[in-house]
Amino acid sequence: FCCSRWTVDCQGMSREVLRTQCEAAAKDGRPDDMCAAIKQIITLGQPLTQEERGLFHAAYKQATTQRRGALRASPQDPALTRGVTDICGEVLDLLDKYLIPTNTDPESHIFLLKMKGDYHRYYAEVS
């Protein structure tokens, strides 16, 4: 799961433009582009809005679901396994470095911790 697969170049875009890019990618069914845009928003270091948190969840959930489904069809494919583990690692990294430490809302904190548990579970399923 690397930047070279993304069709959206997000470097240098404003938060509003990135959010628009993410929403457009969601409408077009492009979870990898959603991930690229929302990751750039997250790395700005500011807490996410409720809408952005939803986009973060949806983007990575769709990207993970696609790869987990493909892995079920070809369980011995190391490239598919690596795809799932790379996404899980990226989500866990974003949660640990940016989202959980900067979050002050208790409801959001619970949501993020639940999400962290989900991605540890996905990682364990393929490891």
Side-chain angles (χ1 to χ4, degrees):
F1 191 69
C2 65
C3 296
S4 63
R5 289 191 210 161
W6 299 333
T7 58
V8 174
D9 179 15
C10 297
Q11 296 298 321
M13 291 184 184
S14 72
R15 186 180 188 111
E16 293 76 26
V17 170
L18 288 166
R19 190 175 322 122
T20 301
Q21 289 286 337
C22 190
E23 291 166 349
K27 288 178 184 173
D28 292 340
R30 297 176 291 139
D32 290 348
D33 291 341
M34 288 177 68
C35 292
I38 200 69
K39 181 179 180 181
Q40 289 300 312
I41 292 172
I42 292 167
T43 58
L44 293 173
Q46 301 168 355
L48 297 181
T49 65
Q50 186 173 358
E51 177 187 0
E52 291 166 346
R53 192 176 68 226
L55 289 169
F56 170 61
H57 180 262
Y60 282 97
K61 181 70 172 177
Q62 290 175 21
T64 305
T65 299
Q66 283 181 350
R67 287 162 178 85
R68 287 174 67 214
L71 188 58
R72 282 188 203 101
S74 299
Q76 302 302 320
D77 188 337
L80 293 174
T81 300
R82 188 176 60 251
V84 173
T85 58
D86 287 352
I87 292 172
C88 291
E90 186 170 299
V91 170
L92 293 170
D93 186 57
L94 292 169
L95 288 166
D96 288 337
K97 285 185 180 176
Y98 297 98
L99 297 174
I100 293 172
T102 62
N103 186 46
T104 57
D105 176 52
E107 186 177 324
S108 296
H109 194 72
I110 291 167
F111 177 85
L112 296 172
L113 291 175
K114 180 190 173 298
M115 195 171 172
K116 183 175 179 178
D118 290 341
Y119 281 86
H120 275 293
R121 180 172 47 88
Y122 302 149
Y123 187 83
E125 286 175 358
V126 298
S127 295

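Rounded to the nearest 0.5 Å, atoms CD (Q76) and CG (L71) are 9.0 Å apart. The CG atom of L18 lies 11.5 Å from the CG atom of L55; values are rounded to the nearest 0.5 Å. Atoms CD1 and CE, from I41 and M13 in turn, are 10.5 Å apart once rounded to the nearest 0.5 Å. For the atom pair CZ of R19 and CD1 of I38, the computed distance is 8.0 Å after rounding to the nearest 0.5 Å. Here the OG1 atom belonging to T64 is positioned 7.5 Å from the CZ atom belonging to R68, to the nearest 0.5 angstrom. Of the inter-residue distances, the one linking R53 atom CZ with L48 atom CG reads 8.0 Å to the nearest 0.5 angstrom.
At a threshold of 4.0 Å, the pair D77-R72 does not count as salt-bridged, since none of the basic side-chain nitrogens sits closer than that to a carboxylate oxygen. Ion pair D86/R67 not flagged as a salt bridge, since none of the NZ, NE, NH1 or NH2 atoms sits closer than 4.0 Å to an Asp/Glu carboxylate oxygen.
Considering only heavy atoms from C-beta on, L80 comes within 4.5 Å of S74 through its side chain. Under the 4.5 Å side-chain criterion, counting only non-hydrogen atoms from C-beta, E90 is not in contact with Y119.
Put simply, the side chain of T85 gets close to the backbone of R82: a donor and an acceptor are under 3.5 Å apart. Looking at T43, its side chain does come within 3.5 Å of a backbone N or O of Q40 through a donor-acceptor pair. In this structure a side-chain-to-backbone donor-acceptor pair under 3.5 Å is missing from Q66 to A63.
In this model, a donor atom of one side chain and an acceptor atom of the other lie less than 3.5 Å apart for S108 and D105.
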- Working for side-chain hydrogen bond (donor to acceptor under 3.5 Å, both in side chains), residues Y98 and K39: CA-CA 10 Å; Y98 297 98; K39 181 179 180 181; over 6 Å; no
- Message: One pair to check against salt bridge (charged side-chain N to carboxylate O under 4.0 Å, His left out): E23 and K27. What are the steps and the verdict?
- Response: CA-CA 6 Å; E23 291 166 349; K27 288 178 184 173; over 6 Å; no
- side-chain contact (heavy atoms from CB on, under 4.5 Å) assessment of Q46 paired with T102: CA-CA 7 Å; Q46 301 168 355; T102 62; over 6 Å; no
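When ring centroids are compared, Y60 and F56 come within the 6.0 Å threshold.
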